[in-house]
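Here's the structure, in structure tokens; my notes come after.
Each chain gets a letter, A, B and so on, in the order its sequence line appears, and its residues count up from 1.
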Amino acid sequence: MAVVHFSTDQRQHTGGTSEVTIDAANVRELVRQLAERYPSLNAHLVETSSTAVAIDGEIIPDPWLEALTPTSEVHLVRPLAGG
Amino acid sequence: MSTTEAPASTGTNGNGASGYRWVGTRPVRHDGLDKVAGKARYAADLNLPGMLYGHILRSPHPHARIVSIDTSAAEAMPGVKAVVTGADFPEAPPKGATRNLMCTVIARDTVLYSGHAVAAVAASTRREAKAAAEAIEVTYELLPHVLNIADAMADDAPVLHDNLFTRGVEPRPTEPSNIAARTVYERGDVEQGFAEADIVIEREFSTQAVHQGYIEPHACVVDCDQEGKAVIWASSQGHFMVRSSTATVLGWDTSRIKVIPAEIGGGFGGKTTIYIEPVAALLSTKAGRPVKIVMSREDVFRATGPAPGAIIKMKVGARNDGTITTAKAWLAYENGAFQGIAAMLGCMCVVSAYTLDHLYVEGFDVVLNRPVNVAYRAPSAPAAAFAMDSVVDEIAARVGMDPIDLRIHNCPSQGDPTPYGPKWPMIGLRECLEAIRDSDHYQSELPEGQGRGVASGFWFNIGEAPSATVNLNENGTATVITGSPDIGGSRASMALMAAEELGLDVHLIQPVVGDTEVVGFTDVTEGSRATFATGMAVVEACRDLKEQLRKRAAKTWDCDVEEVEWVDGSAVHGPGEQEPLTLAAITGNAKRTGGPLGATASLNARGAGPAFSVQVADVSVDQETGRVTVERYTTAQDAGTAIHPSYVEGQMQGGVVQGIGWALNEEYIYSDDGNLENPGFLDYRIPVASDLPMIETCIVEVPNPSHPYGVRGVGEVGIVPPLPVMANAVADATGVRISDLPLSPPRVLEALTAAES
Amino acid sequence: MSRTHVNCEVNGDAVDFLTEDGESLLNALRDELGLIGAKEGCGTGDCGACSIIMNGRLQCSCLIFAPEADGAAITTCEGLASADELHPLQQCFLEGAALQCGICTPGFLVAAKALLDENPDPTETEVRYALAGNLCRCTGYDKIVRSVLEAAVQIRTPA
Ligand code: FES
Ligand code: FES
């Protein structure tokens, strides 16, 4: 279980919803459920390559199997580039 | 090789990691001797038997359709062994990152910037290659071009890509434009925030595109054989990236390519991508000979980098007690010829050094007829900080508060929300602010006639995937092989962490950078990640080895492994019935106890710690020429634990000076016809020794709990504050606030004159 | 293609090589003699990475035609150390962490040697101006300047 927070851009694909609670044990499961619930959000995430996930403030690139707890705060973000 | 004392550097600390034997010391780096002796091999230093020289022909136009390319004259010239054009490369997909990479390496039907690669020649000598490249006849149909953000965003602007529709605008536009994407971050209600404010300041800022300015031009040697295999010697920030990108551009399987990392002569982000390797590979394939391509400095300026210019509008509200109530920001960043994420990053960074209940940040990524952006140290953050921290400085003056106290008053800490959503982990901004406030420099009286400026800066830092292999040699020494190119002394850091783990003298450890066939996949050295992420892999491999060493000791003693402890580089028998076994004793006997010892670790590094820097400078301004002289400079940066303090200081100082260059002098100057007018170090002036004072450093060590030694990553954030620091110091010295960079003598003089009249 | 035969002394050794007329001394040193210490950062005399001492003067080898070296005495970075000891400048650069990527280092060492040969006791400002023709993008110059000052002390007062 986890609380997913949507950014302003993402809200355009969630019907304006800014957060949703998803019953998922890990990130892969969470992403799967989000894709079912908000089909156009998934396309948006793919288009923006938003494959990173911030869990409780820690940005993790590509974390399929990262475990989620009922209090996990999740943000779907784009992996960052640096110098 | 000796462990030296800290050099006489004022304000230096970096010894907070007490309790460590090796971490936090300053040994001479392992690759240092070759570098001072002139023996270190960079990519351009390699010559192979039968090697040809490649030369790339570049577009003289900023935007044009390639009607035809006639290579027949070039092919007939003396010494010419191979010629390639875009038609020799696989077709690019219609859009996306792959297309951008493929079409940056060589133009297909359209050139999108002056300097865009169009064709290439391999010949026996440099001069033959150049002459032949110039004999290639390209017929262009000129197209209208756009060179700056305002022109590119205009409704009637000539469009670079007819399949680019602005993302982030609903409904999605049906007409193509140069606005690639719109990004928005918001929280609370900015109007309420302004209503709560006693003062509101609204300003517009601009910064210019700059180049990373690494002293080593891009270079590679590629040797392709008759079986279709390629060996590439390249100067890059990531040889696995060179392998995968080259394979992508050529449509080859990665297993055909081996990349051997040469020493790299500076990158700063600019060598996180490729330009020349696939071209050299095709030339080499065609000619059946090794091919070397070395870019000229002019080509480096015209066709690589840059970091983007930006326009940023800020509106910030604050109460008389110094509380910043809200910020509204509009940012537009140049992307170059292809879409990037510069504005998105700018949006994430612009107000990150402040806690705000209400914010609205909107950013636009804009394509135009310039070379495509590449990362440059903390990409996008410097321009964003310039805007925000200039306004914050004005607020401090208006409410009559010390600018550092005001920043401390508004400082975020762990658990506060970031502007882009997630909560802050443990961060060291407050500690950096306090370090500067308490520094000798800030406590000193400002000399007559000078101005003082302060500012802060933020950057994310990045983890990603590293690999490391640690082998113990039969004589008790260790070899640490990682996949991270060493761009600033990271090999020494790897050796220090391995020394600490194994309890082995750091001088008995040889750190090397392995090629793509000897070490596991490792992401690019970027995002300040080498010491952080690759260091984690080194530590993990060493911990594995310590387990193995304990088991070998147990076998030697015929006891239970639980009875063996690893202490200071030796196996110690808990019950005390045996003499300790040193690492060398175990490795010397390794065959009898199960064979040589080695361990490998590969991982997806988690928990890169956000980095902050706070800086202060004193400047004087020549009223007659407008020249700004930096009189004194101090930087504080949260480094987590400083593994090798000298190189941490070096990263801090180097970043600061690059930022000073961006603030005071550096800029791309384009002519109206779209050509870069200053593609050389004479006219694109980076700071030299006589422009600068010593850069005093203050390493703040707030350990990153996600790293075994608390490393946070130090490479990037130092470049962020100097832009606002310089602007704030000049404003303090002259009473005139300039919001367009660079603060070059003509611009400063113009502003001073305008203020007088 | 016509090639010129050039005789000169490099780091104390008599050497000779063939070169094309328009070739730079920098390329000749690197390609014909295998002395890769001098680097090309710009090829236009603006970065100092190719610094050498020729007939006692600090020069950008990228601006000299190779045939001009005929009869000259040249010192490159490779010629600074003796068989068993680094030059104090090299030792101080190592210990003072005056290099990061190291591409500018040979040029700085040669330029600093030219300075200390002329002026064994320079001030910080003199060091900064003497090295103003050498670009370093990594270090911000701080540790380079400190290391040159330290080397000057060591050369003046041998242990
Ligand atoms: S290469 Fe000679 S000065 Fe730059
Ligand atoms: S150490 Fe890299 S340019 Fe000087």
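With chain B as partner, the option from C:V145, C:L131, C:T125, C:L135 having the largest number of non-hydrogen pairs under 4.5 angstrom is C:L135. Among the candidates C:I36, C:L35, C:I144, the residue making the largest number of heavy-atom pairs closer than 4.5 Å to chain B is C:I36. Residue with the most contacts toward chain C among B:A40, B:P78, B:P687: B:P687 (heavy-atom pairs, distance under 4.5 Å). The candidate with the highest count of non-hydrogen atom pairs below 4.5 Å against chain B, out of C:K39, C:E40, C:H87, is C:K39. The greatest number of non-hydrogen atom pairs below 4.5 Å with chain C, out of B:G38, B:A689, B:G654, is found for B:A689. Most heavy-atom pairs under 4.5 Å with chain C: of the set B:D34, B:I660, B:I264, this distinction falls to B:I264. Contact count versus chain C (heavy atoms, under 4.5 Å) is highest, among B:G661, B:G265, B:G680, for B:G265. By number of non-hydrogen pairs under 4.5 angstrom with chain C, the leading residue of B:G32, B:G213, B:S296 is B:G213.
The contact between B:Y647 and chain C is made entirely by side chain atoms (from C-beta outward), counting heavy-atom distances below 4.5 Å. Heavy atoms of B:D45 lying under 4.5 Å from chain C belong to its backbone as well as its side chain. B:A44 touches chain C through backbone and side chain together, each having a heavy atom under 4.5 Å away. Within the 4.5 angstrom heavy-atom criterion, atoms from both the backbone and the side chain of B:E216 approach chain C. If you measure heavy-atom distances from C:E150 to chain B, you find no contacts under 4.5 Å at all. The part of B:V657 that comes within reach of chain C is its side chain, from C-beta onward, which places non-hydrogen atoms under 4.5 angstrom from that chain. Heavy atoms of C:T105 lying under 4.5 Å from chain B belong exclusively to its side chain. For B:P693, the part lying near chain C is the backbone, with the side chain staying farther off; criterion is any non-hydrogen pair under 4.5 Å.
Atoms CG and CG, from B:D31 and C:L99 in turn, are 7.5 Å apart once rounded to the nearest 0.5 Å. Taking CZ of B:R29 as the start and CD of C:E95 as the end, the distance is 14.0 Å to the nearest 0.5 Å.
Between B:R126 and C:N27, the closest side-chain pair of non-hydrogen atoms falls below 4.5 Å. A heavy-atom distance below 4.5 Å is not found between the side chains of C:C138 and B:Y214. With contacts defined as side-chain heavy-atom distances shorter than 4.5 Å, the pair C:T139/B:Q653 does not qualify. Residues C:Q100 and B:Q651 form a side-chain contact, since some pair of their non-hydrogen atoms from C-beta on lies under 4.5 Å apart. Two residues are said to be in side-chain contact when any heavy atoms from C-beta on lie closer than 4.5 Å; C:E23 and B:T125 fail this criterion.
Taking both residues in full, the closest heavy atoms of B:I695 and C:D142 are given as N-OD2, 2.9 Å, listed atom of the first, atom of the second, then distance. Shown here for B:P217 and C:G41, the closest heavy-atom pair between the two residues is CG-O, 4.0 Å. The shortest non-hydrogen separation linking B:F681 to C:C42 is CD1-CB, 4.1 Å. Between B:A37 and C:Q90, the closest heavy-atom pair is CA-NE2, 3.9 Å. Summarising the geometry of B:Q212 relative to C:R137, their closest heavy-atom pair is O-NE, 2.7 Å, with the distance given to 0.1 Å. Shown here for C:I103 and B:Y42, the closest heavy-atom pair between the two residues is N-OH, 3.4 Å.
Using a 4.5 Å cut-off between non-hydrogen atoms, no part of residues 9-18 of chain C approaches chain B. Proximity to chain B among residues 72-86 of chain C is limited to C:C77, C:E78, C:L86, judged by heavy-atom separations below 4.5 angstrom.
In this structure, the side chain of C:Y141 does not engage the main chain of B:D691 through any donor-acceptor pair within 3.5 Å. Between the C:R128 side chain and the B:L692 main chain, a donor and an acceptor come within less than 3.5 Å of each other.
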Please step through salt bridge (Lys or Arg N to Asp or Glu O under 4.0 Å) for the pair B:E649 and C:R146, ending with a clear verdict. CA-CA 13 Å; B:E649 292 160 6; C:R146 285 179 204 279; over 6 Å; no
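Atom CD of C:E124 has more than 12 neighbouring heavy atoms from other residues, nucleotides or ligands inside a 6.0 Å radius.
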